[in-house]
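What follows is one structure encoded as structure tokens, with my remarks underneath.
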Amino acid sequence: MVAAALIVAVGIVRHGLAFILIDQAPVLAAAIDGGNARAAVAAARAIADTGPRADSGAIDRLVGAALKRDVTIPAAIELRALAAAGSGDGERADRLFHLSSTISRRSLPTRMWLIQQAVDRDDVAGALDNFDIALRTSADAPPRLFPILAGAAGDPVLVPAIARVLDRQPQWGPEFVFFAIKQGHAADVANVVLGMRGRASLATDSLDQTLVGQLVAERRFDAARRVYTAFAGRGPTGSLADPRFDDPSARFPFGWTFTDGADMSAARGAGGGGSGLSYRAGPGSAGTVASQLLMLPAGPYRLTTATAEDAPGGGARPYWTVTCAEVGGSQLVLLDQPAAGNTAGAATLLVPKGCPAQWLALGLRASAEPGGQSGGIASVKIEATPRPVDR
């Protein structure tokens, strides 16, 4: 009875020691606990990872030992499948990988094999289905598969199929879109997003704004406007959006963004009924407090602004600028905001060719007044004007 207890105890110790060693020394773990299927598979994989000179006989013995213990271990079946593939028996490898997939959908190596098989057969839908399964079931899949999928988004032939997969609203979808944006694939993933029927699901993570912002940063203005319009359900209206500062639904960059800092700020609500823009800045503070992106076609325009109320004190006056949005773009106009309330100011500008987008901005000059500066603007607008007739 004591001997039997000792045998049991030794078995428990052996199993526990193997469990501890599986990750750091799998071959040793398998030697200590020959009946541990997990240790046998880990040891076989460790030997296989040593390269072309790996002991195939040892691998086969370890895999056989694991399968004797449990015939449903996907990792062991995968090793048999890889061995079959390595020996040129593609049909057997394919059967074994499909068996592994039937037993468990969570094995990433099996998914990778099935993806490659689908690609070899030009089965786009099958490959993407296995991408989806892998990304749903394996935490190791995104770093391996996101770069491949982001690259595939650059192929116009694959864009509709990728969009259909994202329309299933998989949990990994927003993470993939964010990855693609940040890894230099914003224009490609924009085409995918535009092809989605359920793209609104991405707006909950503000990915639409992230994508539009990145496209603008890359000077891909037309693509940015298409994405903005697709999510907003409407495009920018008129020459500029929200001229009276009373429409918060017009979002940046094709709507206003306002500075909100301790030294200076701007906000809606200078006039009656919630319209108008109020601004303020402390002594010596200067900079841009409001801006939006325009896409005015080449031609002549008139910029007009109206002051809501008398600006207290003298000296510094706010000013509007329109500047080409390309790198190093030229300033097209500068218009000072009138100091007196209920007064309008205007200036003309000419948008040249090669200037597809422009930044309209409200700037504040530094004030020497002890209380700084503040005021209200009723509206700003830009209108096309007739071209002069050559005589």
Side-chain angles (χ1 to χ4, degrees), residues 186-187 190 208-232 234-260 264 266-268 276-277 279 286-307 317-338 344-365 377-388:
D208 56 331
Q209 293 175 274
T210 302
L211 178 55
V212 170
Q214 184 63 37
L215 292 169
V216 169
E218 295 177 7
R219 310 298 192 269
R220 301 178 187 273
F221 302 115
D222 285 332
R225 183 163 59 178
R226 288 198 301 273
V227 173
Y228 178 93
T229 300
F231 279 94
R234 58 172 185 171
T237 56
S239 298
L240 67 86
D242 192 15
R244 291 175 52 81
F245 309 101
D246 57 359
D247 182 13
S249 68
R251 296 192 299 175
F252 184 77
F254 297 103
W256 294 110
T257 185
F258 304 113
T259 297
D260 182 16
M264 59 182 181
R268 289 185 173 87
L277 178 74
Y279 63 86
T288 299
V289 291
S291 62
Q292 73 165 271
L293 186 67
L294 312 176
M295 292 190 69
L296 305 172
Y301 295 85
R302 182 178 180 85
L303 171 66
T304 305
T305 181
T307 301
R317 292 167 62 189
Y319 60 95
W320 292 96
T321 58
V322 177
T323 306
C324 285
E326 295 291 344
V327 175
S330 59
Q331 181 176 288
L332 305 179
V333 70
L334 186 151
L335 172 63
D336 286 329
Q337 186 71 33
T348 59
L349 65 141
L350 179 66
V351 175
K353 293 181 179 179
C355 177
Q358 312 82 31
W359 285 110
L360 171 64
L362 174 65
L364 302 183
R365 298 182 175 95
I377 298 172
S379 64
V380 61
K381 61 182 179 179
I382 295 181
E383 297 173 306
T385 60
R387 290 181 177 272

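Keep in mind it's a predicted model, so treat the numbers as computed, not measured.
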Spatial distance of atom [atom1] ([X]) from atom [atom2] ([Y]) [nearest 0.5 Å]:
X    : Y    : atom1 : atom2 : value
S239 : R302 : OG    : CZ    : 13.5 Å
W320 : L303 : CH2   : CG    : 8.0 Å
L364 : Y319 : CG    : OH    : 7.5 Å

Side-chain donor-acceptor pairs under 3.5 Å in residues 209-222, sequence neighbours left out?
| residue | atom | partner | partner atom | Å |
| --- | --- | --- | --- | --- |
| Q209 | OE1 | R251 | NH1 | 3.2 |
| T210 | OG1 | S206 | O | 3.2 |
| Q214 | NE2 | E218 | OE2 | 3.0 |
| E218 | OE1 | R220 | NE | 2.9 |
| R219 | NE | A325 | O | 3.0 |
| R219 | NH1 | A217 | O | 2.8 |

Of all heavy-atom pairs between [X] and [Y], which one has the smallest distance, and what is that distance?
X    : Y    : answer
L332 : C355 : CD1-SG, 4.4 Å
M295 : A357 : CG-CB, 4.2 Å
A347 : L335 : CB-CD1, 4.0 Å
T259 : T288 : OG1-O, 2.9 Å
G276 : F245 : O-CB, 3.3 Å

Under the 3.5 angstrom rule, does the side chain of Q292 hit a backbone N or O of A241 as a donor-acceptor pair? yes
Side chain T305, main chain S379, donor-acceptor under 3.5 Å: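 Yes; at least one donor-acceptor contact below 3.5 Å.
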Please tell me whether T307 and Q337 have a donor and an acceptor in their side chains that are separated by less than 3.5 angstrom.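 Yes, Q337 and T307 have a side-chain donor paired with an acceptor closer than 3.5 Å.
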Between the side chains of W359 and S291, is a donor N or O closer than 3.5 angstrom to an acceptor N or O?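 No, because no side-chain N or O of W359 sits under 3.5 Å from a partner of the opposite role on S291.
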Are side-chain heavy atoms of P318 and R365 found at a separation under 4.5 Å? no
Indicate yes or no: at least one non-hydrogen side-chain atom of Y301 is less than 4.5 angstrom from one of L296.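 In contact.
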Start with the C-alpha gap between I382 and V322, add the side-chain angles, then the distance that decides, and say whether side-chain contact (heavy atoms from CB on, under 4.5 Å) holds. CA-CA 10 Å; I382 295 181; V322 177; 4.2 Å; yes
Between K381 and D242, is the closest basic N to carboxylate O distance under 4.0 Å? no
